[in-house]
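In what follows, chains are A, B, ... by sequence order, proteins preceding strands, each numbered from 1. Keep in mind it's a predicted model, so treat the numbers as computed, not measured.
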There are 4 protein chains.
Amino acid sequence: MSNTFRTKKRVEFGDTDMAGIAHFSNFFRYMEIAETDFLHARGLSVSGVFNGLKIGFPRVAVACDFMRPARFEDVLDIDVTIEEIGRKSIRYRFNFSRDGKELAVGRITAVCCRTTADHGMESMEIPEDMRRRLEGK
Amino acid sequence: MSNTFRTKKRVEFGDTDMAGIAHFSNFFRYMEIAETDFLHARGLSVSGVFNGLKIGFPRVAVACDFMRPARFEDVLDIDVTIEEIGRKSIRYRFNFSRDGKELAVGRITAVCCRTTADHGMESMEIPEDMRRRLEGK
Amino acid sequence: MSNTFRTKKRVEFGDTDMAGIAHFSNFFRYMEIAETDFLHARGLSVSGVFNGLKIGFPRVAVACDFMRPARFEDVLDIDVTIEEIGRKSIRYRFNFSRDGKELAVGRITAVCCRTTADHGMESMEIPEDMRRRLEGK
Amino acid sequence: MSNTFRTKKRVEFGDTDMAGIAHFSNFFRYMEIAETDFLHARGLSVSGVFNGLKIGFPRVAVACDFMRPARFEDVLDIDVTIEEIGRKSIRYRFNFSRDGKELAVGRITAVCCRTTADHGMESMEIPEDMRRRLEGK
């Protein structure tokens with residue numbers, strides 16, 4: 001299985017701003033939606049119980065470069081690639097395009113955490129079988 | 001103390017849509033922000049621990065009528081009124097205006113609930129001292 | 001063609017709030033997305049050029065009643081029904097359900113407007129061929 | 001006048017997610033709100049008419065690093081600094097803290113553009129008097 005996964009996202013009316021384009025903050029929402037699609041395709045979830053542990057992936061670093069605007073009713077292609085899996089963290093890259101033209105490139109680095117009894121988060125190693133699924137093996 | 005409370009909210013760039021006005025869904029966010037301001041002014045919170053119970057106010061009915069649009073950088077006056085306090089529920093009215101001109105009238109009906117051990121919600125009577133604070137007594 | 005149209009919407013992580021459920025304001029975004037799906041299915045758009053006129057549908061009244069919460073990764077069924085088409089306005093009803101259980105019922109009343117030269121909006125009669133498409137004829 | 005400007009932003013209920021913290025995408029909305037506060041303090045606006053030209057600042061690169069989560073009702077201090085003003089672009093840094101503890105550091109690079117007749121955007125040099133105001137001179 002290739003490490004790249006493609007999904008699609010339509011720009012909604014409520015995503016636009018008075019400049020007539022998708023507000024830049026929505027690209028981060030689109031990335032997260034694409035991440036959910038990706039995880040589902042690999043039998044995982046961004047937030048759920050895995051082998052009895054309540055695991056989440058809080059974000060520690062995110063970024064996006066914008067080349068071209070996206071407009072209402074555009075259907076964006078989003079290519080999800082895992083750029084790096086560390087012991088406890090994962091870095092995704094998201095390539096946004098429309099009709100083959102590049103619109104934006106985003107990145108999210110997230111850390112594997114278990115929820116503690118007092119609703120806190122504690123980083124942990126990515127479980128081995130989760131890692132294998134993430135890597136598409 | 002009067003039953004009406006006034007607060008202000010600026011329309012942000014990210015709140016606008018491609019029609020150049022505040023997207024209608026944001027009026028519900030503004031209502032919730034005004035509710036938080038109101039509750040703070042009365043020593044309460046929309047979600048928190050009250051007399052040892054974890055209490056929240058999930059919404060059961062909301063509505064908004066729109067008379068005039070709001071635009072980027074407008075500072076809206078929001079008048080918060082409690083229209084009715086029942087045994088377990090409360091209905092707020094929110095009057096939005098700018099320079100004395102009415103923009104919108106919204107309503108939120110919320111039910112007092114305690115969080116149960118399994119993260120569910122169970123309706124309960126509004127505690128007597130919370131009710132007194134809500135009524136501004 | 002029946003007057004009811006069904007579409008689906010997944011609850012995203014960013015749609016949830018600290019109560020662990022989809023924030024109520026997002027149901028209005030879901031309604032608008034369902035409206036866009038509905039209009040596309042009938043060859044129309046919520047904002048676009050129709051017979052040479054730039055036409056939009058600003059909302060004048062919206063409401064939602066909530067029966068059960070929606071949670072992350074829930075896929076909601078949304079049934080879109082036109083409750084009434086007036087000369088210049090249209091009222092939609094949106095029935096939200098999951099696995100056949102009713103979650104919420106929302107309504108949006110929108111007015112047909114043309115954009116004027118100075119970026120204002122002016123109400124107008126719904127064009128006859130647009131009306132026929134809306135009615136599914 | 002110093003090049004750093006401090007403003008405040010409260011975390012609203014609707015900004016939180018099911019992890020009980022402010023959803024990361026909202027930090028970009030907070031940055032934009034802080035930018036608006038900053039521009040107002042210098043007699044400017046993020047989108048408006050300046051010397052007869054309709055000028056906007058579309059974003060070309062944004063990023064945020066997260067150190068600690070922000071929670072409902074937290075009042076965040078946001079320090080806005082201009083890291084660089086180029087001929088046509090400007091890079092802001094936003095330092096988020098609460099009670100002196102650093103929560104996040106964000107950056108936005110925006111390009112000065114005029115709106116063209118067909119609603120497009122065309123980059124242009126930052127007008128000299130706008131530059132002086134941005135620099136706090």
Side-chain angles (χ1 to χ4, degrees), chain A residues 15-36 45-49 54-72 89 91-92 94 102-111 113-116 118-123, chain D residues 15-36 45-48 54-72 89 91-92 94 102-116 118-123:
Chain A
D15 297 345
T16 62
D17 61 29
M18 63 189 279
I21 62 179
H23 189 256
F24 79 98
S25 68
N26 288 317
F27 280 82
F28 291 99
R29 295 188 168 263
Y30 299 165
M31 288 182 216
E32 195 165 70
I33 293 168
E35 180 195 14
T36 297
S45 168
V46 78
S47 170
V49 175
K54 204 157 173 297
I55 291 181
F57 281 89
R59 289 71 174 81
V60 291
V62 304
C64 196
D65 293 321
F66 303 98
M67 278 71 85
R68 287 183 184 82
R71 295 179 194 278
F72 175 48
S89 71
R91 189 173 75 241
Y92 293 100
F94 302 88
E102 189 172 48
L103 300 188
V105 180
R107 282 179 176 82
I108 290 180
T109 304
V111 171
C113 286
R114 81 183 120 222
T115 305
T116 56
D118 59 341
H119 296 279
M121 300 290 258
E122 198 173 70
S123 73
Chain D
D15 296 344
T16 62
D17 61 29
M18 62 188 282
I21 62 178
H23 189 257
F24 79 98
S25 68
N26 287 316
F27 280 80
F28 291 100
R29 294 187 169 264
Y30 299 164
M31 289 181 215
E32 195 166 71
I33 293 168
E35 179 196 15
T36 297
S45 167
V46 78
S47 170
K54 205 157 173 298
I55 290 182
F57 280 89
R59 291 68 174 79
V60 291
V62 304
C64 196
D65 293 321
F66 303 98
M67 278 70 86
R68 288 181 182 83
R71 296 181 192 279
F72 176 48
S89 71
R91 189 173 74 239
Y92 293 101
F94 302 88
E102 188 172 48
L103 300 188
V105 180
R107 281 179 177 82
I108 290 180
T109 304
V111 172
C112 186
C113 286
R114 81 184 120 221
T115 305
T116 56
D118 58 341
H119 296 279
M121 301 289 258
E122 197 172 72
S123 72

- Residue pair D/Arg59 / A/Phe24: nearest heavy atoms and the distance that separates them: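 The pair with the smallest heavy-atom distance is NE-CE2, 3.6 Å.
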
- Item | Contact origin within A/Met31 toward chain D - heavy atom pairs under 4.5 Å | neither

- Task: Using non-hydrogen atoms and a 4.5 Å limit, figure out which bit of A/Ile108 sits close to chain D: side chain, backbone, both or neither.
- Result: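 Side chain only.
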
- Task: Using a 4.5 Å cut-off on heavy atoms from C-beta on, say whether the side chain of A/Phe27 contacts that of D/Val62.
- Result: no

- Heavy-atom pair count under 4.5 Å with chain A, highest-scoring of D/Ala63, D/Ala61, D/Cys64: D/Cys64

- Query: What residue, out of D/Val60, D/Thr115, D/Asn26, has the most heavy-atom pairs lying under 4.5 Å from chain A?
  - Reply: D/Val60

- For D/Asp17, is it the side chain, the backbone, both, or neither that has a heavy atom closer than 4.5 Å to a heavy atom of chain A? neither

- Task: Nearest 0.5 Å please: distance from the OG1 atom of D/Thr109 over to the CZ atom of A/Phe66.
- Result: 10.5 Å

- Query: A/Arg107, A/His23, A/Met67: which one forms the most heavy-atom pairs within less than 4.5 Å of chain D?
  - Reply: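 If we count pairs closer than 4.5 Å to chain D, A/His23 comes out on top.
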
